[in-house]
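A short worksheet on the structure shown next.
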Amino acid sequence: MDKFIVTVLGLCSIGGIYWFFFGEKEQVVEAQTSWTVTVAGGYTPKTIAIPQNQPSTITFVRTDPNDCLETVVIPEFGIHTFLPLNTPVRVSVSPTKSGTFGIQCGMNMFHGNIIVS
Ligand SMILES: [Cu+2]
């Protein structure tokens, strides 16, 4: 019985460690100056990373007819852009501040992240 408890505790702590490293945390994304984000039921990839003090372009392609996603908003960069269906829209940003900033739809229902580092 004692062995069983130890095993269960052991498995739980392995699970806990796994969760700690791979669970809720954002996965590590390498900074790139060019990204294409597919807008369909949300943003894919959900998290992108761009370098600080360098111009980057993000191309949004909305393939989802849901009106909810027709506007993409990135408050940090003052971006509020209409995304016509199946038409790539390029957005340029030159972040001077590092941090994690939100990407959202016009109604703030779908979310993504931009990590500036
Ligand atoms: Cu929305």
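In what follows, residues are counted from 1 in the order of the sequence shown. Remember, it's 1-based here, ligands and their atoms both numbered in the order they're listed.
Counting only protein N, O or S atoms, 2 lie closer than 2.8 Å to the Cu ion (ligand 1).
Partners of Phe60 under the ring-ring contact (aromatic ring centres under 6.0 Å, His included) rule, at least two apart in sequence or in another chain, do not exist in this structure. With sequence neighbours left out, Glu70 forms a side chain to side chain contact (heavy atoms under 4.5 Å, CB included) with Arg62, Asp67, Phe82.
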Distance-only check: which donor-acceptor pairs under 3.5 Å involve side-chain atoms of residues 83-97, not counting sequence neighbours?
from  : atom 1 : to    : atom 2 : distance (Å)
Thr87 : OG1    : Leu85 : O      : 3.1

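By the 4.5 Å heavy-atom criterion applied to side chains, Pro51 and Thr33 are counted as neighbours. You'll find the side chain of Asn113 stays beyond 4.5 Å of the side chain of Phe101, heavy atoms only. With contacts defined as side-chain heavy-atom distances shorter than 4.5 Å, the pair Ile103/Ile114 qualifies.
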